[in-house]
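See below for the structure under consideration.
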Amino acid sequence: MLDPKLIKESPQIIQDMLKARSVEFDLVGLIESDQKRREFIIKTDELRKKKNQVALEISQKKKKGENVSSILEEMKNVSAKLSELELEQENIEKSYSKLALTIPNLVHKSVPVGVDESSNIEIRKWGNIPNFDFKINDHIDISENLDLVDLERAAKVAGARFYYLKNDLVRLNQSLIHYGLDFLAKKEYSLIQPPYMINRESMEGAVIADDFEEVIYKVEEEDLYMIGTSEHAMAAMHSNEIIEGKDLPLRYAGVSPCFRKEAGAHGRDQKGIFRVHQFDKIEQFVFSRPEDSWNEHEKMISVAEEFYQSLEIPYRVMLLSTGDMGKVSSKTYDIEAWMSGQNAYREIVSCSNCLDYQARRLKIRFRDKTNEDTQYLHTLNSTLIATTRILVALMENGQTKDGHIKIPHVIQSYMGNQKEI
RNA sequence: GCCGGGAUAGCCAAGUGGUACGGCGACCGUCUCGAAAACGGUUACGCGCAAGCGUGCAGGGGUUCGAAUCCCUUUCCCGGCGCCA
């Protein structure tokens, strides 16, 4: 959600944003319904004032024992009229908020304008792409040869895009999570294991309506949705709260499984564990003062980079273009890791500053002094590690001539000093 | 799952049909060289240039001229019983 005052006073800024994002949006409709909505607030407030005055009069007359029958009649009329107006107002509010909730976020001026990922900009690169003096395999063959993944039985039991992890790959997965949590704990993030299902109201705060159908699993007969990432649960964590300014920034490390429909991804990455319906992830989530959020954004991406340097995974940092970026985000960096089996850089991290867009939807405010006005804070999120994709990178980049997988140095102590799988 | 008790502002808390009592904390001001104390004010949201007005008693619905208060319903919390990794 955007600041309604900004939309009213500077519609050109909104128009520019919509153009940059190539998004069709009924901005005129939004402005008109906002205008209408304000008019109705004035009308109904006036009538309520009248109602309060008459109610007071009735109670005073009754106390004095005077006859109130004529004034009761007047009150009846006022109430009836008010109910009528309120019904109309409700409809206007509905059409207003439907539009207000679907308008995308503002775009930071540094973001390249483009329709898709081809306009993304490479910001920097780290690490050397590994050379192999033998014919390499992709993660599907490697994991099959070493009995680390069972995709066929997963398909039988759950369907496509599911997997059974097996044997040492289970241990590697757990070790990556353990290492990731230790890594963020050292940087003074609070560790959070959130609910894996949250209610509609909370989900709507973090996710834009269009994404519901494409991404989010709904639990039948319950007001519950499976989280697509712990971001969803952590964003809603402080909803309807006023946070003390001195407590900001709040830096959380959320760990959870993530559940995604992948409805819009037919045919892409069909095989293996690169794109799946369920995976484990550690997420950085920060609640920040507005003036600090761009610094926090840079900090988060460098935390993620440091993490991949420690795992010795070559990567590049991309600045996403308007066409490739989510509607909730104002600026997004992706980290893409080199994956030898695919001979390409593939997305492993997404790091976004959402400004006050989520905070407005979820009513998360802060203030420094109790007699000051509250302000919306800024929310930011970034992957630390989505484990399945890192398993792919480690298997493909770390494969040896004799068909084994090298375990990164920092992970070995988590696996009983095992050096290879 | 069943029975009972609850949910009021940042916190505590009064209020059984007629303008949401009071306290604590925090913040601002007066006083002071400064502070404490004392006193006054502020401390949820919306509309409005403003004066001001309206909304807000867990959520939704109803009864009534009028609902924190009465009725229905949902959610959550506490106690007891039951079930359970």
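We name chains A, B, ... by the order of the sequence lines, and we start the count at 1 in each one.
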Salt bridge present between [X] and [Y] (N-O < 4.0 angstrom):
| X | Y | value |
| --- | --- | --- |
| A:Glu291 | A:Arg289 | yes |
| A:Lys187 | A:Glu306 | yes |
| A:Glu93 | A:Arg37 | yes |
| A:Glu262 | A:Arg275 | yes |

What does the list of N/O pairs under 3.5 Å between the protein and nucleotides 59-67 of chain B look like, with a distance for each?
none

Does either side chain, that of A:Ser330 or that of A:Asn105, offer a donor lying less than 3.5 Å from an acceptor on the other one?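 A:Asn105 and A:Ser330 do not have a side-chain donor-acceptor pair below 3.5 Å.
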Answer with yes or no whether the side chains of A:Arg171 and A:Gln418 bring together a donor and an acceptor at under 3.5 Å.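 Yes - a donor-acceptor pair under 3.5 Å links their side chains.
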Determine, for A:Phe274 and A:Arg389, whether the Lys NZ or Arg CZ falls below 6.0 Å from the six-membered ring centre while staying within 45 degrees of the axis.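 Satisfied, under 6.0 Å and within 45°.
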Does A:Lys43 count as lying over the ring of A:Phe40, i.e. NZ or CZ under 6.0 Å from the six-ring centre, within 45 degrees of the axis?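 Checked: cation-pi criterion met.
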A:Arg38 side-chain N/O to B:rG48 phosphate OP1/OP2 under 4.0 Å: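 So the side chain of A:Arg38 is within the cut-off, an N or O lying under 4.0 Å from OP1 or OP2 of B:rG48.
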Side-chain N or O of A:Arg367 closer than 4.0 Å to phosphate OP1/OP2 of B:rA26: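 Answer is no, no contact under 4.0 Å.
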Given that both distances must come in under 3.5 Å, which nucleotide forms a Watson-Crick or G-U wobble pair with [N]?
| N | result |
| --- | --- |
| B:rA38 | B:rU30 |
| B:rG56 | none |
| B:rC70 | B:rG62 |
| B:rG17 | none |
| B:rA9 | none |
| B:rC81 | B:rG1 |
| B:rG25 | B:rU43 |

Nearest heavy atom decides the nucleotide; on that basis, is A:Tyr376 or A:Gln60 closer to the 5' end of RNA chain B?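 Closer to the 5' end of RNA chain B: A:Gln60.
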If you assign A:Gln375 and A:Ser59 each to the RNA chain B nucleotide with the nearest heavy atom, which residue ends up on the more 5' nucleotide?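 Counting from the 5' end, the first nearest nucleotide belongs to A:Ser59.
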Please report the distance separating the [atom1] of [N] from the corresponding atom of [M], rounded so that it comes out in whole Å.
| N | M | atom1 | value |
| --- | --- | --- | --- |
| B:rC57 | B:rC70 | P | 15 Å |
| B:rU69 | B:rC53 | C1' | 26 Å |
| B:rC71 | B:rU63 | P | 15 Å |
| B:rA7 | B:rG15 | P | 11 Å |
| B:rC39 | B:rG46 | C1' | 33 Å |
| B:rG66 | B:rG62 | C1' | 15 Å |
| B:rC77 | B:rG59 | C1' | 15 Å |
| B:rG25 | B:rC11 | P | 16 Å |

What nucleic acid atoms does [X] come within less than 4.0 Å of, heavy atoms only: base, sugar-phosphate, or nothing?
| X | value |
| --- | --- |
| A:Ile41 | sugar-phosphate |
| A:Thr374 | sugar-phosphate |
| A:Lys8 | sugar-phosphate |

In whole angstrom, what separates [X]'s [atom1] from [N]'s [atom2]?
| X | N | atom1 | atom2 | value |
| --- | --- | --- | --- | --- |
| A:Ile364 | B:rC45 | CD1 | C1' | 16 Å |
| A:Lys363 | B:rA9 | NZ | P | 17 Å |
| A:Ile42 | B:rU55 | CD1 | P | 15 Å |
| A:Tyr96 | B:rG46 | OH | C1' | 11 Å |
| A:Asp368 | B:rC28 | CG | C1' | 14 Å |
| A:Lys5 | B:rC45 | NZ | C1' | 11 Å |
| A:Asp373 | B:rU43 | CG | C1' | 11 Å |
| A:Lys49 | B:rC47 | NZ | C1' | 13 Å |

Between [options], which nucleotide has the shortest distance from any of its atoms to the side chain of [X]?
| X | options | value |
| --- | --- | --- |
| A:Asp45 | B:rG54, B:rG18, B:rC47 | B:rG54 |
| A:Asn52 | B:rU55, B:rU19, B:rA44 | B:rU55 |
| A:Arg37 | B:rC47, B:rA44, B:rG18 | B:rC47 |

Report the C-alpha distance between A:Gln358 and A:Thr379 in whole Å, list the side-chain angles of each, state the deciding distance to 0.1 Å, and finish with yes or no for side-chain hydrogen bond (donor to acceptor under 3.5 Å, both in side chains). CA-CA 7 Å; A:Gln358 287 178 326; A:Thr379 61; 2.7 Å; yes
Could you check if a side-chain atom of A:Ser293 sits within less than 4.5 angstrom of a side-chain atom of A:Leu380, using non-hydrogen atoms only?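 Yes, side chains in contact.
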